[in-house]
Structure formats: structure tokens, C-alpha cells
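In what follows, a single structure is set out as C-alpha cells and then discussed.
Just so it is clear, the model here is predicted, and its values are computed rather than measured. Heads up: numbering here begins at 1 and tracks the sequence. Every number for a ligand or one of its atoms is a count from 1 in the order of the listing.
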Amino acid sequence: MYSSTVDFIKQLYPNKDFIPLHEPKFAGNEKKYLNDCIDSTFVSSVGKYVDIFEKQFAKKVGTKYAIATINGTSALHITLLLADVKKDDEVITQPLTFVATCNAISYCGAKPIFIDVDLDTMGLSPKSLKEFLKENCEIIDNKCINKTTGKIIKACVPMHTFGHPCKIDKIQKICKKWKITLAEDSAESLGSFYKNKHTGTFGKLGVFSFNGNKIITSGGGGVIVTNNKKLAAEAKHLTTTSKIPHQWNYSHDKIGYNYRMPNLNASLLVAQLEQLDNFLKSKKELAKRYDKFFKNNNIKFIKQPKNSNSNYWLQSIMLKNKQQRDIFLKYTNKNGVMTRPIWSLMNQLDMFKDCQCGELKNSKYLEQRVVNIPSSMT
Ligand SMILES: *Cc1c(COP(=O)(O)O)cnc(C)c1O
């Protein structure tokens with residue numbers, strides 16, 4: 001039944017025995033910059049490529065500051081600390097996300113609260129968020145208090161699933177009203193815009209990842225973006241072991257983290273960033289071809305939601321039900337085409353089982369039906 005899909009994907013990626021979900025592409029100055037970096041001996045946490053990358057990245061997404069980190073998870077961790085998330089606080093996020101979002105919340109000693117996603121964006125639903133807050137919370141002393149637990153909801157971390165922007169302007173308004181700091185997990189959405197503004201720049205802080213499977217990669221890496229000068233300085237300080245800058249003295253003024261991106265990784269990343277526009281073109285072209293094919297084959301291809309320009313990082317389809325999804329996954333993976341279901345819902349994982357949830361109807365619906373298909377740049 002899904003043999004025509006396998007044939008189509010094999011024809012998109014010819015001469016391959018096995019087609020992975022997402023391969024990085026190194027077609028530019030990667031080797032040149034890497035060699036230059038090695039020759040300079042500045043391969044670690046100090047070096048010109050980190051500085052170049054931070055400048056160029058901030059310019060690309062349109063923020064004043066960017067702070068490079070060793071991975072996206074550490075960027076999320078620091079972001080939440082900067083949002084003043086502390087032990088016994090609570091942070092709202094969506095159940096349909098990669099586990100890193102919730103791990104970072106846990107590193108702060110806080111607990112996630114899971115609110116449903118929208119069907120059209122697969123990202124946090126402003127409507128569900130608003131309803132949850134109205135029903136469960138009150139503002140006391142400028143803080144959002146969860147009446148069920150008596151705890152403070154400090155931050156809200158929506159995620160732009162597979163690069164498709166969620167309704168972030170509405171979420172921004174709700175957070176403002178309820179005194180909740182907005183921080184975006186835009187790990188998957190570099191190159192994605194909502195109403196012509198780059199994702200990750202609506203919140204007080206935003207986070208991107210450069211893991212090997214993301215749209216551009218530094219092997220491992222991440223970045224925090226913000227327009228707030230003080231937060232940017234604090235992010236740099238915390239990620240560099242809170243060392244007090246001095247030419248020779250070694251002193252630290254608080255517990256810091258060794259989260260700075262090495263120059264070696266940054267050299268790779270600078271070369272990758274130069275190719276981002278080409279990668280985006282390739283992804284959009286691929287989405288067009290998939291859309292046309294699946295239309296003719298009665299399978300729903302997931303397109304960018306309204307008001308957005310998506311990077312189409314991971315291309316995805318929606319099967320009719322769980323049974324069809326399982327047949328599809330089995331058939332494609334058996335025949336050399338890697339496909340993968342969307343994540344298990346976070347509230348079902350052992351470590352987050354006892355977290356508070358809103359009604360999660362849409363998340364449950366999507367969990368059973370959404371599948372990622374090969375998405376490498378062609
Ligand atoms: C990739 C990703 C991250 C960060 O992952 P790292 O591997 O630590 O860079 C965080 N959140 C989401 C949603 C992701 O997809």
C-alpha cells in the first residue's frame with residue numbers, strides 16, 4: 001500500500017541503499033575554516049570563530065545579542081535560569097516536544113506544566129493556555145500563582161515543532177498579562193518566521209540548537225538570543241564558569257557552567273550559516289514536491305500554518321489513524337526509508353508522569369498520527 005511512497009522517496013534521494021531522516025550537508029567553507037581554526041591553536045572556548053558566529057547569528061535572526069553554547073539543552077538551561085526559574089517553581093510547556101525542553105526545566109529544580117498544542121501548528125495553543133490560566137491561576141504581588149499547587153509559574157516555553165511557527169504573538173500577549181516570562185524553544189526553527197518576524201525573537205530569550213540533525217550544525221552546539229543587554233552579559237558570564245574577566249587573575253563570583261561553544265565547533269558553524277539560505281530553498285522545494293505527491297496519494301502532508309514562513313526542517317505527514325501509522329512506519333523502515341513517529345508525549349514519560357496537565361486532546365491526536373519522512377537537503 002505504501003510502496004509508491006517508498007519509490008517516490010527513493011527517487012528524491014537516488015543511489016542510496018538507506019535513506020536517513022536527516023543528513024547534514026557540508027558544501028561550503030567547512031574544511032577551510034576548520035583548518036584555519038586548528039592552525040591558530042585556538043580550538044577551545046576562546047577564538048575568533050565564536051565571536052564571528054555570534055555577531056552573524058544575531059544579525060541573521062534580528063536580535064541584538066547571541067551567546068553560543070555547547071548544545072541546545074545547555075542554552076535552554078541557562079535561559080530558564082535567566083528567567084529566574086528556581087527550585088519549586090513551575091514552567092508551562094507543551095507535551096509534544098523533544099525531551100530536552102523538559103530536562104532543562106528539571107535542571108533548575110522546577111516542574112513542567114503541560115498545555116495542549118494546536119492541530120494546525122503542532123505548537124503550544126494560545127487558547128488552551130489562556131483557559132488554563134483563567135481556571136487555575138491568579139496574580140498575587142505581580143506573580144502568577146497556580147492555585148492548585150500554590151507555586152509560582154515563572155516561565156512559558158513554547159516550541160516551534162519541526163520548524164513550523166506556533167501562534168507566538170498571541171502567546172506573548174497572554175504571558176505578558178499573566179506576568180510569565182516567555183522563552184522560546186526555537187531549537188528546530190532557524191529560518192522560520194511568524195508574521196515576518198524570526199521565531200525565537202518574540203520571547204525575552206530564545207534558544208536554537210545546532211545538533212547534527214538540525215538545519216545547520218556545529219556537530220553539537222546551541223545559542224541563546226535576546227535583545228536585553230543585561231541578560232546577554234549574564235548569559236555569557238554563566239556559560240563561561242562565571243569567571244570575572246581579567247587578563248591573568250582567575251576568580252569567579254558565583255556557581256557557573258562550562259557551557260561555552262568551542263571555537264572548533266564555531267568554525268564549522270560559521271561555514272554552515274553561510275549556506276543557510278540555500279538549505280532553506282532546498283527544504284521548501286522538497287516540501288513542494290512532497291505536497292504534490294501526497295495530494296495525489298490521499299495522504300495529508302503537513303504544510304506551514306497561516307501567517308508563517310516555515311523552514312520545513314523535518315517534513316511530516318499525518319496518517320489516518322494509529323494503525324495506519326504503524327503499517328507505514330514498518331513498511332518504510334523495512335524498505336530502506338527511515339521514518340519516525342512524533343515524540344511520545346512528555347506527560348507520559350516516567351519522570352514527568354505526576355506533572356500537572358491541561359486537557360491534551362490535540363496532542364494525543366497528533367501523537368498517534370504524525371510521522372517524519374526523509375528531509376535532508378537535496
Ligand atoms: C534539538 C532540540 C533541542 C536541543 O537539543 P541539543 O541536542 O541539546 O542541541 C531542544 N529542544 C528541541 C525541541 C529540539 O528539537
Side-chain angles (χ1 to χ4, degrees), residues 20-24 53 57 66-81 83 85 91-108 112 114-115 117 121-124 155-166 168 171 182-192 199-200 202-203 205-225 235 239 257-262 265-266 268-269 272-273 283 310-316 340-347 349 351-352 363 366-367 370 372 375:
L21 203 61
H22 198 283
E23 269 182 325
F53 167 72
F57 193 83
I67 299 92
T69 60
I70 45 167
N71 54 45
T73 309
S74 60
L76 277 168
H77 181 192
I78 296 298
T79 286
L80 289 166
L81 292 176
V85 176
V91 177
I92 290 175
T93 190
Q94 57 202 61
L96 210 56
T97 184
F98 178 54
V99 69
T101 321
C102 303
N103 282 342
I105 294 168
S106 307
Y107 299 162
C108 303
F114 297 110
I115 303 293
V117 297
T121 67
M122 298 183 284
L124 191 68
C156 173
V157 187
M159 199 275 284
H160 305 287
T161 305
F162 307 141
H164 299 311
C166 64
I168 190 69
I171 295 172
L182 176 64
E184 291 171 77
D185 183 346
S186 23
E188 308 186 347
S189 63
L190 174 57
S192 298
T199 53
F202 289 80
L205 298 138
V207 164
F208 296 86
S209 162
F210 308 110
N211 185 31
N213 66 353
K214 296 299 200 289
I215 190 162
I216 61 170
T217 185
S218 48
V223 70
I224 301 165
V225 296
T239 52
Y257 299 83
N258 184 12
Y259 282 175
R260 187 82 172 146
M261 177 186 284
N265 299 70
L268 188 65
L269 196 51
Q272 286 269 287
L273 192 58
K283 294 270 190 196
S310 173
N311 69 0
Y312 281 97
W313 168 57
L314 279 191
Q315 318 266 347
S316 47
R340 189 171 74 189
I342 199 165
W343 314 276
S344 303
L345 299 186
M346 290 300 115
N347 56 298
L349 302 183
M351 54 282 196
F352 304 119
S363 303
L366 293 168
E367 186 203 19
V370 174
N372 295 129
S375 309

Could you tell me the residue and atom name of the protein heavy atom closest to atom 3 (C) of ligand 1, and the distance to it rounded to 0.1 Å?
A187 CB, 3.6 Å
Taking heavy atoms and a distance under 4.0 Å, where does T97 meet ligand 1: side chain, backbone, both or neither?
side chain
A student comparing K214, E188, H77 should find that the heavy atom closest to atom 2 (C) of ligand 1 comes from K214
Output the list of atoms in ligand 1 that are nearer than 4.0 Å to some heavy atom of M159, sorted by atom number.
13 (C)
For atom 11 (N) of ligand 1, the protein heavy atom that lies nearest, with its residue and separation
D185 OD2, 2.8 Å
Heavy atom to atom 8 (O) of ligand 1, shortest distance: which of I70, L314, T73 holds it?
T73
Centroid-centroid under 6.0 Å between Y257 and Y107 rings:
no
Would a 4.5 Å heavy-atom cut-off, applied to side chains only, mark I78 and T69 as touching?
no
Ring centroid separation for F162 and W343, is it under 6.0 angstrom?
yes
Need the ligand 1 atom indices (1-based, order shown) with element for anything under 4.0 Å from a heavy-atom of A100.
10 (C)
How are the rings of H22 and W313 set to each other: parallel, tilted or perpendicular (split at 30° and 60°)?
tilted
Does G72, backbone or side chain, put an N or O under 3.5 Å from an N or O of ligand 1?
yes
Those atoms of ligand 1 less than 4.0 Å from some heavy atom in N71
8 (O), 9 (O)
Close-contact set for ligand 1 against S209 heavy atoms, below 4.0 Å:
1 (C), 4 (C), 5 (O), 6 (P), 9 (O)
Any donor-acceptor N/O pair, Q272 side chain to T217 backbone, under 3.5 Å:
yes
Quick check: does any side chain N or O of H160 sit under 3.5 Å from a backbone N or O of C166, one acting as donor and the other as acceptor?
yes
Once side chain to side chain contact (heavy atoms under 4.5 Å, CB included) is applied, do any residues pair with N265, and if so which ones, sequence neighbours excluded?
S218, M261, P262
